*Asks:* 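Below you will find the structure I want to go over with you.
These numbers were taken from a predicted model, which means no experiment stands behind them. Atom set for the values below is all heavy atoms of this structure, side chains included, hydrogens, waters and symmetry mates excluded.
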Amino acid sequence: MKQGWLIVNGFLQSEKFEEIYRWLIDAAAKQGMALQKLTNDQLTSILPISSGKTDWRVKPDFVLFWDKDVRLAQMLEAEGFCVLNSAAAIETCDDKALTYIRLKNTEIQMPKTFIAPMTFFKEYPDHAFLMQVENSLGYPMVIKESKGSFGEQVYLIQNHEEAVKKIQEIGHHEFIMQEYIETSKGRDIRINVVGNQVVTAMERTNENDFRANITNGGSMKSYMPTEEESALAVKVCQYLGLDFAGVDILFGKDHEPLLCEVNSNAHFKNIYDCTGVNVADAIMHYIASKSL
């Protein structure tokens with residue numbers, strides 16, 4: 001029987017998260033596997049502080065890393081654990097700038113994107129870089145903090161004054177500036193991929209917000225992705241080395257799919273309610289059949 005650890009964040013305590021964890025543990029049991037939940041703060045105390053590897057007496061066959069604590073994932077890999085998704089994949093997906101960099105020289109189409117320059121000050125002393133970006137993107141444009149979930153830290157900016165104000169509010173946090181895709185206003189696709197296979201998909205719409213996320217009041221319906229949309233989602237996962245992910249896709253002006261962002265541990269309760277497909281089952285079936 002395969003044994004696994006489910007690593008979660010010990011500081012995110014809500015029924016919304018606990019339900020996801022139970023589904024994964026139940027899905028593992030269906031595959032004849034035992035999945036033990038451990039929090040990142042629990043593991044901090046048992047991983048070695050000094051150099052050299054620990055002689056683990058009981059080592060799981062795999063670690064299902066359902067968190068964004070990248071340094072912990074890297075530590076586990078350094079100790080020889082099989083971590084799914086990998087630390088590198090989690091780090092890339094958790095940083096929108098990194099996602100763009102990793103994919104920019106591939107065939108994956110994305111909105112035109114600029115990465116804000118690094119500043120050692122809490123606020124930028126001037127905004128000359130913004131004026132250069134404005135010449136290319138125009139307004140409205142989208143500003144996204146590099147790290148954020150559930151559609152938060154994403155802002156639709158209408159003019160230069162709004163941009164300066166938002167950049168000042170963001171402060172020292174890293175961010176990107178992105179082309180606004182008017183044809184996808186309040187509408188996108190979430191495609192769940194597991195083991196380079198599309199498992200399920202839904203279309204999300206929001207009449208009152210340019211972001212389609214359900215958390216922001218959007219609605220959802222089951223969606224059959226086109227071959228082009230499915231191919232994009234799978235290729236993204238391959239390029240980023242993801243075993244499983246939720247891939248968000250926008251609708252371009254000529255109906256071409258454009259990558260919005262990638263979630264290495266996408267919540268799947270909403271898509272289950274929408275489609276009846278339990279992504280946890282697909283993930284655990286993939287791990288059970290995978291040679292680890």
*Asks:* Pair Val8, Asp67 - check side-chain contact (heavy atoms from CB on, under 4.5 Å), show working.
*Replies:* CA-CA 5 Å; Val8 305; Asp67 192 21; 5.7 Å; no
*Asks:* Determine, step by step, whether Arg204 and Asp248 satisfy the salt bridge (charged side-chain N to carboxylate O under 4.0 Å, His left out) criterion, reporting the C-alpha distance in whole Å, the side-chain angles of both residues, the deciding distance to 0.1 Å, and the verdict.
*Replies:* CA-CA 10 Å; Arg204 304 181 295 191; Asp248 295 343; 3.3 Å; yes
*Asks:* For Glu261 and Tyr100, does a side-chain donor sit closer than 3.5 Å to a side-chain acceptor?
*Replies:*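 No pair is found: no donor N or O on one side chain lies under 3.5 Å from an acceptor on the other.
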*Asks:* Take atom CZ of Arg22 as the centre, draw a 6.0 Å sphere, and report whether it contains more than 12 heavy atoms from other residues, nucleotides or ligands.
*Replies:*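 Above 12, so yes.
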*Asks:* Does the pair Lys166/Glu169 count as a salt bridge with the N-to-O cut at 4.0 Å?
*Replies:*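 Answer for the salt bridge query: yes.
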*Asks:* If only side-chain N and O atoms count, and only distance matters, is there a donor-acceptor pair under 3.5 Å linking Thr92 with Thr99?
*Replies:*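 No.
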*Asks:* Please test Leu130 against His160 for side-chain contact (heavy atoms from CB on, under 4.5 Å), starting from the C-alpha separation and ending with a verdict.
*Replies:* CA-CA 8 Å; Leu130 174 61; His160 177 82; 3.8 Å; yes
*Asks:* Under 4.5 Å between any side-chain heavy atoms of Lys185 and Tyr180, yes or no?
*Replies:*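 With C-beta onward as the side chain, the pair touches.
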*Asks:* Mind checking whether Lys147 and Lys96 have side chains closer than 4.5 Å, heavy atoms only?
*Replies:*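 No, every pair of side-chain atoms sits at 4.5 Å or beyond.
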*Asks:* Under a single-linkage definition using a 4.5 Å side-chain heavy-atom cutoff for Ile, Leu, Val, Met, Phe, Trp and Tyr, are Leu156 and Ile170 assigned to the same hydrophobic cluster?
*Replies:*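 No, separate clusters.
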*Asks:* For the pair Leu6 and Leu38, evaluate side-chain contact (heavy atoms from CB on, under 4.5 Å) and give the outcome as yes or no after the intermediate values.
*Replies:* CA-CA 6 Å; Leu6 172 63; Leu38 294 170; over 6 Å; no
*Asks:* Is it true that Glu162 and Tyr155 share a donor-acceptor pair across their side chains at a distance under 3.5 Å?
*Replies:*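 Glu162 and Tyr155 do not have a side-chain donor-acceptor pair below 3.5 Å.
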*Asks:* Where is the tightest heavy-atom contact between Val279 and Val194, given as atom of each residue plus distance?
*Replies:*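 So the minimum-distance heavy-atom pair works out to CG1-CG2, 4.3 Å.
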*Asks:* Could you check if a side-chain atom of Asp41 sits within less than 4.5 angstrom of a side-chain atom of Phe11, using non-hydrogen atoms only?
*Replies:*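 Yes, close enough: below the 4.5 Å cut-off.
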*Asks:* Would you name the heavy atoms of Ile90 and Lys68 that are closest together and state the gap between them?
*Replies:*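 That would be CG2-CA, 4.1 Å.
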*Asks:* Does any donor atom in the side chain of Thr39 or Gln42 lie under 3.5 Å from an acceptor atom in the other side chain?
*Replies:*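 Looking only at side-chain atoms, Gln42 and Thr39 do form a donor-acceptor pair, the distance falling under 3.5 Å.
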*Asks:* Is there a side-chain contact (heavy atoms from CB on, under 4.5 Å) between Val247 and Cys237? Walk through the geometry before answering.
*Replies:* CA-CA 8 Å; Val247 181; Cys237 291; 3.9 Å; yes
*Asks:* I'd like to know whether the aromatic ring centres of Phe129 and Tyr124 sit less than 6.0 Å apart in this structure.
*Replies:*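 Yes; Tyr124 has its ring centre under 6.0 Å from that of Phe129.
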*Asks:* Looking at every non-hydrogen atom in both residues, tell me the closest pair between Gly252 and Thr183 and how far apart they are.
*Replies:*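 Shortest heavy-atom separation between Gly252 and Thr183 comes out as C-OG1, 3.2 Å.
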*Asks:* If the threshold is 4.0 Å, N to carboxylate O, is there a salt bridge linking Asp281 and Lys30?
*Replies:*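 Looking at Lys30 together with Asp281, the answer is yes, because their closest N to O distance falls below 4.0 Å.
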*Asks:* Between Arg102 and Glu91, is the salt bridge (charged side-chain N to carboxylate O under 4.0 Å, His left out) condition met? List the steps.
*Replies:* CA-CA 11 Å; Arg102 296 280 193 271; Glu91 182 176 35; 5.3 Å; no
*Asks:* If you measure only the distance, is there a donor-acceptor pair under 3.5 Å linking the side chains of Thr275 and Thr200?
*Replies:*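 Yes, side-chain donor-acceptor contact under 3.5 Å.
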*Asks:* My understanding is that only one of Gln178, Lys144, Lys104 makes a side chain to side chain donor-acceptor pair (under 3.5 Å) with Thr113; could you say which?
*Replies:*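 Per the side chain to side chain donor-acceptor pair (under 3.5 Å) rule, the option paired with Thr113 is Gln178, out of Gln178, Lys144, Lys104.
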*Asks:* Is the centre of the Trp5 ring less than 6.0 Å from the centre of the Phe81 ring?
*Replies:*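 Between Phe81 and Trp5, which both carry aromatic rings, the centre distance is below 6.0 Å.
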*Asks:* First locate atom SG of Cys260, then atom CG of Leu250, and finally report the distance between them rounded to the nearest 0.5 Å.
*Replies:*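 Those atoms lie 4.5 Å apart.
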*Asks:* Below 4.0 angstrom, N of the basic side chain to O of the carboxylate: do Arg187 and Glu203 qualify?
*Replies:*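 Looking at Glu203 together with Arg187, the answer is yes, because their closest N to O distance falls below 4.0 Å.
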*Asks:* Can you list the steps and then say if Phe17 with His267 is a ring pair (Phe, Tyr, Trp, His ring centres under 6.0 Å)?
*Replies:* CA-CA 8 Å; Phe17 290 96; His267 282 230; 4.9 Å; yes
*Asks:* Would you sort out whether Tyr272 and Trp23 count as a ring pair (Phe, Tyr, Trp, His ring centres under 6.0 Å), showing the intermediate values?
*Replies:* CA-CA 11 Å; Tyr272 172 78; Trp23 284 23; 4.9 Å; yes
